[in-house]
Amino acid sequence: MALRKAVYGLGASGRLWWQTFTQKNKDFGMTSITSDDCVFSIRRGESVLIVAIVVDDVLMIENDESLRQEQYAFMHGFFEVSDDRDLKYYLGVHYTRDSGDVVANQTGYLERVLKRYGMDKCKYTA
């Protein structure tokens, strides 16, 4: 028996999702990098697009907005996607821009850990 459609929660669902996502990236002309099957890249002249996926969170990094838009439109034809454009939160890390720099922190994660262990009211020193 072959799985024709993924059902959320089944063991095979995640694998089927990854296979489908991978095939669509290949159809677009992307290749997975040798060190990680969940990171894809494409180069067109000077333009480069890198796509990383963890479960169903996708991060796109590019030096050419038109290539990103083309790939986004292509994937939108197959998947329900949203374009948050500015990276704010990815894999438990909060990102902000400050004077052109990208600042990453895990304050939210630390606050949840402190609360879990009853230490959220503790005083701290710098």
Side-chain angles (χ1 to χ4, degrees):
M1 178 180 347
L3 181 64
R4 294 179 56 187
K5 183 174 181 182
V7 177
Y8 183 79
L10 290 181
S13 298
R15 178 114 175 108
L16 183 60
W17 155 247
W18 178 82
Q19 287 173 333
T20 304
F21 186 82
T22 297
Q23 186 58 53
K24 295 305 176 192
N25 273 306
K26 288 180 179 178
D27 292 347
F28 185 74
M30 302 189 84
T31 57
S32 58
I33 64 172
T34 56
S35 59
D36 191 335
D37 288 335
C38 294
V39 178
F40 304 87
S41 66
I42 187 171
R43 178 182 295 270
R44 290 189 186 157
E46 296 296 315
S47 301
V48 177
L49 173 66
I50 299 170
V51 175
I53 179 172
V54 176
V55 185
D56 63 351
D57 289 327
V58 178
L59 178 65
M60 298 172 77
I61 303 166
E62 41 70 23
N63 67 348
D64 181 350
E65 175 67 15
S66 64
L67 182 56
R68 185 195 69 79
Q69 289 176 350
E70 183 184 341
Q71 202 268 358
Y72 177 82
F74 177 81
M75 294 304 258
H76 187 68
F78 303 101
F79 305 108
E80 183 178 325
V81 295
S82 63
D83 186 0
D84 296 335
R85 195 58 199 126
D86 288 327
L87 181 63
K88 293 176 186 76
Y89 195 76
Y90 189 71
L91 301 180
V93 180
H94 182 254
Y95 297 89
T96 55
R97 289 188 185 266
D98 184 21
S99 302
D101 295 329
V102 177
V103 179
N105 73 62
Q106 289 186 294
T107 304
Y109 170 74
L110 293 173
E111 288 172 353
R112 287 191 305 275
V113 169
L114 289 172
K115 188 172 184 173
R116 181 183 325 149
Y117 292 102
M119 299 178 66
D120 54 323
K121 306 288 188 232
C122 293
K123 295 183 181 188
Y124 59 91
T125 60

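It should be emphasised that the depicted structure is a prediction, and the values quoted were computed from it without experimental measurement.
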- [ ] Decide side chain to side chain contact (heavy atoms under 4.5 Å, CB included) for Phe28 and Val51; before the verdict, give the C-alpha distance in whole Å, the side-chain angles of both, and the deciding distance to 0.1 Å.
- [x] CA-CA 12 Å; Phe28 185 74; Val51 175; over 6 Å; no
TODO: Please step through side chain to side chain contact (heavy atoms under 4.5 Å, CB included) for the pair Leu87 and Leu59, ending with a clear verdict.
DONE: CA-CA 8 Å; Leu87 181 63; Leu59 178 65; 3.8 Å; yes
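To the nearest 0.5 angstrom, Phe78 atom CZ is 11.0 Å from Thr20 atom OG1. Between atom CG of residue Asp57 and atom OH of residue Tyr89 there is a gap of 10.0 Å, rounded to the nearest 0.5 Å. Note: Trp18 CH2 to Ile53 CD1 = 9.5 Å, rounded to the nearest 0.5 Å. The distance from atom NE2 of His94 to atom NZ of Lys88, rounded to the nearest 0.5 Å, is 8.5 Å. Residue Asn63 holds its CG atom at 8.0 Å from CZ of Arg43, rounded to the nearest 0.5 Å.
The local environment of CD in Glu65 is crowded, with over 12 non-hydrogen atoms from other residues, nucleotides or ligands closer than 6.0 Å.
Side-chain contact of Ser99 with Asp101: a donor-acceptor pair under 3.5 Å is absent, judged by distance alone.
Between Ser41 and Ile33, the shortest heavy-atom contact is OG-CG2, 4.2 Å. Closest non-hydrogen pair, Met75 versus Phe21, comes out as CE-CE1, 3.3 Å. When every heavy atom of Ala104 is checked against every heavy atom of Tyr95, the shortest pair comes out as CB-CE2, 3.6 Å. Closest of all the heavy-atom pairs between Asp64 and Ser47 is OD2-OG, 2.5 Å.
With contacts defined as side-chain heavy-atom distances shorter than 4.5 Å, the pair Gln71/Glu62 does not qualify. Put simply, the side chain of Val39 reaches to within 4.5 Å of the side chain of Ile50, judged on heavy atoms.
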Can I get a per-line list of side-chain donor-acceptor pairs under 3.5 Å for residues 107-122, giving both atom names and the distance, sequence neighbours left out?
from   : atom 1 : to     : atom 2 : distance (Å)
Thr107 : OG1    : Asn105 : OD1    : 3.1
Arg112 : NH1    : Gly108 : O      : 3.4

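Annotation: side-chain hydrogen bond (donor to acceptor under 3.5 Å, both in side chains) contacts of Gln19 (sequence neighbours excluded): none.
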